[in-house]
Peer 1: 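Below is one structure. I have some questions about it.
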Amino acid sequence: MRIATWNVNSIRQRLDHAVRWLGETRPDVVCIQEIKCQTEAFPKEAFEALGYNVTVHGQKGFNGVALLSRLPLEDVTHGLAGDDGDEQARFIEAVVSVKSGVVRVACIYLPNGNPPDTEKYPYKLGFMERLSAFAAERLKLEEPLVLAGDFNVIPEPRDAADPAAWTGDALFLPRTRQAFRSLVNLGFTDALRATSDAGRLFTFWDYQAGAWQRDNGIRIDHLLLSPQAADRLIATGVDKHVRAWEKPSDHVPVWADFSIAA
DNA sequence: ATGTCAGCATCGTGCTGA
């Protein structure tokens with residue numbers, strides 16, 4: 001079973017890329033972030049035609065997430081618990097049934113948090129706290145669980161081509177990285193780091209200043225695995241070639257393969 | 001430090017968010 005995550009930066013602008021990429025890699029479950037449209041405007045049929053079940057949590061203009069799965073999506077929840085006043089569409093949780101039991105997946109678009117001296121940064125930290133509370137509860141189930149998405153967190157200096165350039169940025173502030181470590185330390189495995197010692201393992205390159213051409217990237221799209229998922233992890237990959245397609249997203253797909261039979 | 005992109009309100013272009 002392959003589980004992937006991709007921040008597409010507008011699904012309507014990226015539909016051709018999404019269809020092309022799905023045809024190439026045939027993932028079983030896909031977490032999509034930044035669809036930038038309302039639920040009704042999501043091109044659901046294009047994915048259903050490729051054999052996917054689809055659930056969408058959209059909003060007008062910004063944010064928005066979707067979850068695709070070849071197997072039926074069960075127990076779908078839109079929105080992260082812990083703040084009834086949170087209007088931003090950034091979270092979907094669902095379960096798929098497999099031969100060995102279930103696999104639980106959460107699709108996450110964590111807030112960017114910049115600039116840090118505004119209300120945006122406490123919102124980010126609050127979201128991370130709510131995510132940790134959610135994760136701690138779900139770990140008690142002792143299921144294969146994958147938290148996948150755009151975390152907007154650069155975990156360590158080696159996750160940036162030029163870490164000094166990110167000093168003071170909400171993606172790299174010590175407080176941000178501490179909150180990310182607290183989440184991981186609940187018992188999660190960072191799938192990419194568990195399977196690769198490669199340097200320059202980036203998932204995002206800014207549109208500006210020739211960041212892609214200079215390989216001035218960062219690693220902010222992650223798959224965090226519960227122990228039961230980590231024990232079945234076989235391999236991971238970053239579909240970097242997608243960033244070279246015409247009119248690309250600034251993020252590329254990241255995936256993990258598991259020895260779990262559908 | 002920097003050379004961008006997308007959606008929106010509104011119909012040419014500035015604002016927001018990333």
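Quick caveat, the model's predicted, so the values are computed rather than measured. Proteins come first, then strands; the chains are lettered A, B, ... in the order of their sequence lines, and each starts at number 1.
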Peer 1: Tell me the salt bridge (Lys or Arg N to Asp or Glu O under 4.0 Å) pairs involving residues 40-52 of chain A, sequence neighbours left out?
Peer 2: none

Peer 1: Identify, with sequence neighbours excluded, every residue that meets ring-ring contact (aromatic ring centres under 6.0 Å, His included) alongside Phe258(A).
Peer 2: none

Peer 1: Donor-acceptor pairs under 3.5 Å, side chain of residues 192-202 of chain A to any protein atom, not counting sequence neighbours: which ones?
Peer 2:
residue   : atom : partner   : partner atom : Å
Arg193(A) : NH2  : Asp159(A) : OD1          : 2.4
Thr195(A) : OG1  : Ala191(A) : O            : 2.8
Thr195(A) : OG1  : Leu192(A) : O            : 3.3
Thr195(A) : OG1  : Thr236(A) : OG1          : 2.7
Ser196(A) : OG   : Ala198(A) : N            : 3.0
Arg200(A) : NE   : Asp215(A) : OD2          : 2.8
Arg200(A) : NH2  : Asp215(A) : O            : 2.9

Peer 1: Between atom CG in Asp250(A) and atom C1' in dT4(B), what is the gap in whole Å?
Peer 2: 9 Å

Peer 1: Once you round it to whole Å, what is the distance between P of dG17(B) and CG of Leu171(A)?
Peer 2: 16 Å

Peer 1: How would you list, by chain and number, every residue that makes a salt bridge (Lys or Arg N to Asp or Glu O under 4.0 Å) with Asp190(A), sequence neighbours excluded?
Peer 2: Arg219(A)

Peer 1: In residues 10-19 of chain A, what residues come within less than 4.0 Å of DNA chain B, judged by heavy atoms?
Peer 2: Ser10(A), Gln13(A), Arg14(A)

Peer 1: dA9(B), OP1 or OP2 - any side-chain N/O from Lys60(A) closer than 4.0 Å?
Peer 2: yes

Peer 1: List the residues meeting ring-ring contact (aromatic ring centres under 6.0 Å, His included) with Trp205(A), not counting sequence neighbours, and say none if there are none.
Peer 2: Trp212(A)

Peer 1: Using the salt bridge (Lys or Arg N to Asp or Glu O under 4.0 Å) criterion, which residues pair with Lys140(A)? Sequence neighbours excluded.
Peer 2: Glu137(A)

Peer 1: For Glu143(A), which residues count as a salt bridge (Lys or Arg N to Asp or Glu O under 4.0 Å) partner, sequence neighbours excluded?
Peer 2: Arg104(A)

Peer 1: Return the set of residues passing side chain to side chain donor-acceptor pair (under 3.5 Å) with Thr203(A) (not counting sequence neighbours), or none when no residue passes.
Peer 2: Asp221(A)

Peer 1: How close do Val242(A) and Pro248(A) get, counting heavy atoms only, and between which atoms?
Peer 2: O-CB, 3.8 Å

Peer 1: For dG7(B) and dG3(B), measure between their P atoms and round to the nearest Å.
Peer 2: 23 Å

Peer 1: On DNA chain B, does the nearest nucleotide to Pro248(A) precede the nearest nucleotide to Asn63(A) from the 5' side, or the other way round? Give the residue.
Peer 2: Pro248(A)

Peer 1: For residues 23-33 of chain A, please give each side-chain donor-acceptor pair under 3.5 Å, one per line with the distance, not counting sequence neighbours.
Peer 2:
residue  : atom : partner   : partner atom : Å
Glu24(A) : OE1  : His241(A) : NE2          : 2.9
Thr25(A) : OG1  : Trp21(A)  : O            : 3.3
Asp28(A) : OD2  : Arg2(A)   : N            : 2.7
Gln33(A) : OE1  : Thr5(A)   : OG1          : 3.4
Gln33(A) : OE1  : Asn7(A)   : N            : 3.3
Gln33(A) : NE2  : Thr5(A)   : OG1          : 3.0
Gln33(A) : NE2  : Cys31(A)  : O            : 3.3

Peer 1: So which of residues 108-126 of chain A are in contact with DNA chain B, with a heavy-atom cut-off of under 4.0 Å?
Peer 2: Tyr109(A), Asn112(A), Lys120(A)

Peer 1: Looking at side-chain heavy atoms only, is the closest gap between Leu50(A) and Val19(A) below 4.5 Å?
Peer 2: yes

Peer 1: Find the distance Gln59(A):CD to dA18(B):P and express it as a whole number of Å.
Peer 2: 10 Å

Peer 1: Determine whether the aromatic ring centres of Phe91(A) and Phe127(A) lie less than 6.0 Å apart.
Peer 2: no

Peer 1: Can you tell me how far P of dG3(B) sits from CG of Asn216(A), to the nearest Å?
Peer 2: 15 Å

Peer 1: If I take atom CD in residue Glu34(A) and atom C1' in nucleotide dA6(B), what distance separates them, rounded to the nearest angstrom?
Peer 2: 9 Å

Peer 1: Give, ordered by number, those residues of residues 200-215 of chain A having at least one heavy-atom distance below 4.0 Å to an atom of DNA chain B; if nothing qualifies, reply none.
Peer 2: Tyr207(A), Gln208(A), Ala209(A), Arg214(A)

Peer 1: In whole angstroms, how far is the P atom of dG7(B) from the CD atom of Gln38(A)?
Peer 2: 13 Å

Peer 1: Can you tell me if the side-chain N/O atoms of Lys36(A) get under 4.0 Å from OP1 or OP2 in dC8(B)?
Peer 2: no

Peer 1: dA18(B) C1' sits how many Å from Asn7(A) CG, rounded?
Peer 2: 9 Å

Peer 1: Can you check the Phe42(A) CZ to dG7(B) P distance for me, whole Å?
Peer 2: 14 Å

